[in-house]
Protein chains: 2
Amino acid sequence: MNASRTARERVRAELIREITDIARRHLATDGAGGLSLRAVARDMGMVSSAIYRYFPSRDDLLTALIIDGYNAIGEAVEIADTGCARDDFTGRWLAVCHAVRTWALDHPHEHALLYGSPVPGYQAPEDTIGPATRYTVVYGRIISEAHVAGRLTPPDMCPAPPEVLSSDAEAVRQVMPGVSDDVVARGIVAWTGLFGMVSFELFGQFNNVITHRRELFEHNMLCLAHLIGLPPTPGA
Amino acid sequence: MNASRTARERVRAELIREITDIARRHLATDGAGGLSLRAVARDMGMVSSAIYRYFPSRDDLLTALIIDGYNAIGEAVEIADTGCARDDFTGRWLAVCHAVRTWALDHPHEHALLYGSPVPGYQAPEDTIGPATRYTVVYGRIISEAHVAGRLTPPDMCPAPPEVLSSDAEAVRQVMPGVSDDVVARGIVAWTGLFGMVSFELFGQFNNVITHRRELFEHNMLCLAHLIGLPPTPGA
DNA sequence: GGTCGTCAAGAGCAGTGCTCTCATTTTCTC
DNA sequence: GAGAAAATGAGAGCACTGCTCTTGACGACC
């Protein structure tokens, strides 16, 4: 019967969820390198070998956590964006930036897993690509919608990007339709600036130097918003 | 006798150097997490416990590698800077950027060790602070000298940084004397943008999207140079 | 009712960081 | 120069890791 089969599959799905939950807890305390299948099994009252029925290897468990992480940050960014007035493009950009930073500060080890050095020997499988780009859709949409609304006025200070970059810009336009190569390049500057700032704060490069980190972050993200060409004030 | 004492100390120093060299080779192939004291000992024809006479723990060996890495990147940056005409501030900035990127691409695991996620359980000791800031001196000097030469003209696009950041700016001015809070903030934007860009390229965030990475990097760094206010052309 | 797939359990392998003891060698001191 | 002291290398051992293999039990399906 199909119902009984799903009964078994349901307990299996439940166990998988429980394993990833416990693994995430371990990740939060010990970091990616300290994630131990045996420890997770102990917490579940299982013998270590039984875990391998659900995750064939440690890397597979890591992959599951990575996908969850990308989705979590994607969701946080989506919520932050939808909480703003649609025509407040700079406000939306700042909200997204703060969402990324707050999530990173709340889940430092998960952020490190997603955006820090790759775990040695671990090769990210293709399953992670989709969730990894989830938040970039929001990011690109803000810039794209500002462009469509005629509210994107990049200051005249950068030279035009070289011709050779136009094919790459075309790829980026999949999440940022309609904008020029120049805006794409500026968008990447802001994008890498955002994550550079968060990673520096998280990985300790600001230690003993920067104390008002939230204020500096906000100011710098505002500066990057203006670099892209987002308007200083919402509305007309 | 003093000479005989140095005899023993000399072989000790030689062994320490050999250990770090082999460890660096392992680091280059297996990454920080895969660095094994036993494997290093095997390569040296030693028994594993003997290594502990020279490095009390794996973390101490990592610390030595980190210090070496910071010094290596600092030296690379210094060489890149001194290869430029002193009044070509934008050229010096670009040279430094390329030096950072090239070193990172040549030593990906070492870059990850320095600027990626912290190794789990590893706490950077104070010995690393000095070497860690070595390259920032070069970085700050470029901006500072451009300012003194009256060739720093930041485009009017960012709001003034909030008052609360002035104490942090004061700290940064230790390596960037004379410049305003606004320039300090812009300098941090460019600084984090540089490392964000390099880390994204190195950690695979550009996979399947950006192909002309050197060109994009050069263009974006030029864009950041103009954000700081570095002049478009050298000389007057 | 019999068969087959799924599962938990346990033993075991090869590897890790690290500690301890013991013998040897080198250095320092009287 | 003889003896004490320090430094060094070797080996065994502990507790831990990821992972594999085998065994026996349970549940689902024909």
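Order of the sequence lines fixes the chain letters, A, B, ..., with proteins taken first and strands second; residue numbering starts at 1 for each chain. Quick caveat, the model's predicted, so the values are computed rather than measured.
Taking B/C84 as the reference, nothing meets the disulfide (SG to SG under 2.5 Å) condition, with sequence neighbours excluded. Contacts of B/D181 classified as side chain to side chain donor-acceptor pair (under 3.5 Å), with partners at least two apart in sequence or in another chain: B/R173. With sequence neighbours excluded, no residue forms a salt bridge (Lys or Arg N to Asp or Glu O under 4.0 Å) with B/E18. For B/Y135, the side chain to side chain donor-acceptor pair (under 3.5 Å) partners at least two apart in sequence or on another chain are B/W191. Residues passing the salt bridge (Lys or Arg N to Asp or Glu O under 4.0 Å) test with B/D68, sequence neighbours excluded: B/R24. Taking the side-chain contact (heavy atoms from CB on, under 4.5 Å) definition, one finds that A/A104 meets it with A/H111, A/V198, A/L202, sequence neighbours left out. Applying the salt bridge (Lys or Arg N to Asp or Glu O under 4.0 Å) criterion to A/R186, with sequence neighbours excluded, gives A/D182.
Contact check of residues 16-25 of chain B against DNA chain D (heavy atom, cut-off under 4.0 Å) returns no residues at all.
Sorted pairs that involve residues 44-57 of chain A and meet salt bridge (charged side-chain N to carboxylate O under 4.0 Å, His left out), not counting sequence neighbours, are lacking altogether. Sorted by first and then second residue, the salt bridge (charged side-chain N to carboxylate O under 4.0 Å, His left out) pairs involving residues 197-224 of chain B (not counting sequence neighbours) are B/R101-B/E201.
Between the two ends of the helix from C/dG1-D/dC30 to C/dC30-D/dG1, each summarised by a five-pair axis, the helix axis turns through 0° (rounded to 10 degrees).
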In B/S/- notation (B base, S sugar-phosphate only, - none; protein heavy atoms under 4.0 Å), nucleotides 10-22 of chain C written 5' to 3' is B-B---BBBB-B-
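Of the possible donor and acceptor atoms, none in the side chain of B/N220 sits under 3.5 Å from a partner among the backbone N and O of B/M197.
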